[in-house]
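Because only heavy atoms are used, hydrogens play no part in the values below, and waters and symmetry mates are left out as well, while side chains stay in. Starting from 1, each residue takes its place in the sequence as its number. As the structure is a computational prediction, the values presented were derived from the model and not from experiment. Remember, it's 1-based here, ligands and their atoms both numbered in the order they're listed.
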Amino acid sequence: MTVRLRAHHLLCMLTFVGEGYTPAFTANYVSIARRLSSGEEIEMVSGPDDICAPLLAGTTAHCHNASVIARDEAAAEAIGRLLKMKISDGTRIIPDKTLLKRLRRNFALGTIRKACGACEWSELCGHVAERGFKDVLVAAR
Ligand code: SF4
């Protein structure tokens, strides 16, 4: 199996501490965090992914919004530049310790956070980074 992620969720997975939009969304995300922590491969997708899934039935799902698609593009560009690889539909990435450490270091430095600009969670994610990513749920073993 692979974990299907849209590009900006490569950033969100770095700071996830169990907060989310709804109880179902959070429960699903916790389960995905476990899979990523165990090293399950990520498959990049465009549009809604495994993290978005519980929100899609609702009438207020923002997952198809242009602003969220722009967020994916910004994240793919920044992370691709960092990792010197093209992040697009079908790209596969192993979330190992080295990758998570490198992404978190750059997230904390602000070099890959353009996508976070207008995100409502930006303050929380900033605090998580400032605290050295303490209590995050995606942690390579
Ligand atoms: S600020 Fe928003 S887009 Fe950025 S990592 Fe946090 S939740 Fe994801």
Q | Closest approach of any protein heavy atom to atom 1 (S) of ligand 1, naming residue and atom | A | Ser122 CA, 3.4 Å

Q. Would you say the side chain of Met13 lies within less than 4.5 Å of the side chain of Leu100, judging by non-hydrogen atoms?
A. yes

Q. Looking only at atom types and distance, does a side-chain atom of Asn28 sit under 3.5 Å from a main-chain N or O of Pro54, one as donor and one as acceptor?
A. no

Q) Salt bridge check: are Arg6 and Asp72 linked by an N-O gap of less than 4.0 Å? A) yes

Q.
What protein heavy atom lies closest to atom 6 (Fe) of ligand 1? Include the residue and the distance to one decimal.
A. Cys125 SG, 2.3 Å

Q. Got an N, O or S from His8 under 2.8 Å of atom 8 (Fe) of ligand 1?
A. no

Q.
Assess whether a salt bridge exists between Glu41 and Arg92, defined as any Lys/Arg side-chain N lying under 4.0 Å from an Asp/Glu carboxylate O.
A. yes

**Q.** Aromatic contact, Trp121 with Tyr21 (centres under 6.0 Å)
**A.** yes

Q) Near Leu11, which atoms of ligand 1 are under 4.0 Å from a heavy atom of that residue? A) 5 (S)

Q) Ignoring hydrogens and geometry, is there a side-chain-to-backbone donor-acceptor pair from Asn65 to Val68 under 3.5 Å? A) no

**Q.** For Trp121, the ligand 1 atoms whose distance to one of its heavy atoms is below 4.0 Å
**A.** 1 (S), 7 (S)

Q) What part of Cys12 sits under 4.0 Å from ligand 1 if we count only heavy atoms: the side chain, the backbone, both or neither? A) both

Q. What protein heavy atom sits nearest atom 4 (Fe) of ligand 1, and how far off is it?
A. Cys116 SG, 2.3 Å

Q) Should you measure from each heavy atom of Cys119, which atoms of ligand 1 turn up under 4.0 Å away? A) 1 (S), 2 (Fe), 3 (S), 7 (S)

